[in-house]
There are 2 protein chains.
Amino acid sequence: MIGETTPTRRQERHAATRQQILDVTWELAEEVGIASISLREIARRVGMRQPSLYSYFASKHDLYDAMFKQGNDELFEMTQAIEPSGDARDDLLRFSRMFAEFNADSAPRSQLLFLRTIPGYEPSAEAYESAVKFYDLSRDRLRALGLTKQRQMDVWVAMLGGVIQAQAANDPGGDRWVRTIPEVVDMFLGHYLSESDANAKKGRTK
Amino acid sequence: MIGETTPTRRQERHAATRQQILDVTWELAEEVGIASISLREIARRVGMRQPSLYSYFASKHDLYDAMFKQGNDELFEMTQAIEPSGDARDDLLRFSRMFAEFNADSAPRSQLLFLRTIPGYEPSAEAYESAVKFYDLSRDRLRALGLTKQRQMDVWVAMLGGVIQAQAANDPGGDRWVRTIPEVVDMFLGHYLSESDANAKKGRTK
DNA sequence: GTCTATATCCAGATAGAC
DNA sequence: GTCTATCTGGATATAGAC
């Protein structure tokens with residue numbers, strides 16, 4: 001990468017403190033909600049005064065941006081870690097469960113990444129790049145399962161998102177909706193893969 | 001009803017002003033987001049000073065409660081206005097479109113009723129009763145369409161909610177997801193009504 | 001019911017010494 | 001980098017006169 005060199009000890013310390021601040025912020029967000037975190041309380045928890053945070057983040061907006069980026073990067077890596085097996089049902093199921101688990105793991109993170117209801121915050125263009133990376137990878141993975149049309153992907157995005165939202169809203173911490181995922185996968189694939197098959201049959205003998 | 005009598009002129013004026021405050025608050029919420037409304041700005045827009053609002057609402061929480069109740073009451077009436085035709089696909093389609101339209105009509109209202117991400121606000125028990133009324137009516141309507149099992153209803157709640165959320169998040173003001181509703185209805189009914197039919201066939205000749 | 005005045009509390013951000 | 005001190009601005013809510 002351009003400009004990347006061995007970090008000095010000072011830079012390492014800086015990065016470590018920055019990470020500590022992020023960790024504490026996620027903890028606080030779990031307690032009070034992602035929209036209600038305050039720089040004062042974050043500073044208190046890391047043992048600093050509130051203005052000192054500005055040596056690590058230029059603003060609260062910048063802190064949200066770092067969290068947004070971190071969340072999307074984690075999601076990207078978890079998606080990459082799923083090796084496609086070739087079986088569409090199995091792959092879609094594993095991807096869906098991973099994504100549902102990721103969202104259930106942290107309500108504030110889910111809200112930050114996908115709901116975007118935090119007063120005054122919108123991701124910067126730079127932070128948004130991390131989100132795009134995940135979207136692109138997911139799109140490729142879904143394509144490989146035979147979901148080649150935009151409309152098929154749109155519907156699947158809605159289905160899975162719906163299960164996740166219903167889970168978070170109506171049974172947080174439980175599994176009443178998450179456990180319907182296999183059934184929803186079957187319903188979806190039953191409808192759309194037969195559609196693809198029908199088209200394939202028309203064109204050529206597979 | 002108990003204790004209900006003809007309202008005096010004073011009571012009528014009070015109710016009218018209260019409604020005007022609510023109207024202005026919805027307008028403001030459209031502009032700044034439901035979480036960012038302020039009593040000062042609401043008062044300014046109705047031509048009052050901020051403390052005067054307390055003659056109409058006991059607190060900001062109380063104002064949110066009135067909005068929550070109003071939204072759910074509207075939704076209840078719109079649901080009631082849909083006359084069941086007997087055709088499951090048609091009825092589910094009309095219900096779904098109405099519900100999608102209701103949510104698309106007002107993002108703040110949708111967030112207040114279904115997302116519950118407003119810092120510091122949770123509906124009071126009294127306001128929540130309006131939500132329960134709508135849920136009960138919807139459940140009865142879905143039952144009449146042959147969706148008798150809890151799991152079927154859970155899945156449908158997720159599917160429709162997913163379409164609505166994807167629409168709001170990814171294409172606000174458009175129809176990229178809303179227009180998939182007929183297809184999603186067919187996918188859902190294809191999967192679950194055949195399941196019911198199969199059970200019905202086992203039990204008796206229909 | 002409406003007003004002025006104010007209590008009380010909180011937030012994010014900046015200046016400048018060390 | 002971290003601190004103290006402060007700026008600036010916002011919020012909800014209440015007291016009490018009229």
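We name chains A, B, ... by the order of the sequence lines, and we start the count at 1 in each one. All figures in this text were calculated on a predicted structure; none of them were measured in a lab. Any value given below was found using the heavy atoms of this structure, including those in side chains, with hydrogens, waters and symmetry copies removed.
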Participant: Would you say A/Gln165's side chain and B/Ala158's backbone share a donor-acceptor pair under 3.5 angstrom?
Facilitator: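 Answer holds: no.
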Participant: Could you tell me whether B/Phe99 and B/Phe114 have their ring centroids closer than 6.0 angstrom?
Facilitator: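 Yes - the distance between ring centres of B/Phe99 and B/Phe114 falls below the 6.0 Å cut-off.
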Participant: OP1 or OP2 of D/dC3 less than 4.0 angstrom from a side-chain nitrogen or oxygen of A/Ser52, does that happen here?
Facilitator: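 Yes, A/Ser52 has a side-chain N/O under 4.0 Å of OP1/OP2 on D/dC3.
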Participant: Is B/Ser38 touching bases, backbone alone, or none of the nucleic acid, heavy atoms closer than 4.0 Å?
Facilitator: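 Answer is sugar-phosphate: B/Ser38 comes under 4.0 Å of backbone atoms only.
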Participant: Please give, in whole Å, the distance from C/dA11 C1' to A/Leu28 CG?
Facilitator: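 For the pair A/Leu28 CG and C/dA11 C1', the rounded distance is 14 Å.
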Participant: Calculate the interatomic distance between B/Leu53 atom CG and C/dC3 atom P; express it in whole Å.
Facilitator: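 Between P of C/dC3 and CG of B/Leu53: 10 Å.
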Participant: Could you state the atom-to-atom distance from CD1 of A/Ile42 to P of C/dA13 in whole Å?
Facilitator: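 Whole-Å distance recorded here is 11 Å.
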Participant: Which whole-number value in Å describes the distance from A/Gln50 CD to D/dA5 C1'?
Facilitator: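 In whole Å, D/dA5 C1' and A/Gln50 CD are 12 Å from each other.
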Participant: To the nearest Å, how far apart are A/Phe57 CZ and D/dG1 P?
Facilitator: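 In whole Å, D/dG1 P and A/Phe57 CZ are 12 Å from each other.
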Participant: Below 4.5 Å, heavy atoms only, C-beta onward: do B/Asp154 and A/Arg176 meet side chain to side chain?
Facilitator: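 The answer is yes, as the side chains (C-beta and beyond) meet within the 4.5 Å cut-off.
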Participant: Using the side-chain heavy atoms of B/Tyr56, tell me which of these nucleotides is nearest: C/dG1, D/dA13, D/dT2.
Facilitator: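 Between C/dG1, D/dA13, D/dT2, the one nearest the side chain of B/Tyr56 would be C/dG1.
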Participant: Determine, for A/Phe102 and A/Arg109, whether the Lys NZ or Arg CZ falls below 6.0 Å from the six-membered ring centre while staying within 45 degrees of the axis.
Facilitator: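 Positive - A/Arg109 is close enough to the ring of A/Phe102 and near enough to its axis.
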Participant: Under the 3.5 angstrom rule, does the side chain of B/Ser52 hit a backbone N or O of B/Met48 as a donor-acceptor pair?
Facilitator: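 Side chain of B/Ser52 to backbone of B/Met48, a donor-acceptor pair under 3.5 Å: no, none is there.
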Participant: Students often get this wrong, so: under 4.0 angstrom with heavy atoms, is A/Tyr54 touching a base, only sugar-phosphate, or nothing?
Facilitator: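 Answer is base: heavy atoms of A/Tyr54 come under 4.0 Å of a base.
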Participant: Identify which nucleotide among D/dA13, C/dA11, C/dT2 has an atom closest to any side-chain atom of B/Lys60, counting heavy atoms from C-beta outward.
Facilitator: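 Given the options D/dA13, C/dA11, C/dT2, the side chain of B/Lys60 is closest to D/dA13.
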Participant: Using whole Å, report how far CZ of A/Arg40 lies from P of C/dA11.
Facilitator: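 Roughly 6 Å, once rounded to whole Å.
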Participant: In whole Å, what is the span from the OH atom of A/Tyr64 to the C1' atom of C/dG12?
Facilitator: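 Interatomic distance, OH of A/Tyr64 to C1' of C/dG12: 12 Å.
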Participant: Given atom CD1 of B/Ile37 and atom C1' of D/dG10, what is their separation to the nearest angstrom?
Facilitator: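 So the CD1-C1' distance, B/Ile37 to D/dG10, works out to 15 Å.
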Participant: Looking at the side chain of A/Pro51, which of D/dG1, C/dT14, C/dT2 is the nearest nucleotide?
Facilitator: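 Nearest listed nucleotide: C/dT14.
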Participant: Closer to the 5' end of DNA chain C via nearest nucleotide, is it A/Ala58 or B/Ser55?
Facilitator: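 This one resolves to B/Ser55.
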Participant: Among C/dC3, D/dC3, D/dG1, which is the nearest nucleotide to the side chain of A/Arg49?
Facilitator: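 The answer is D/dC3.
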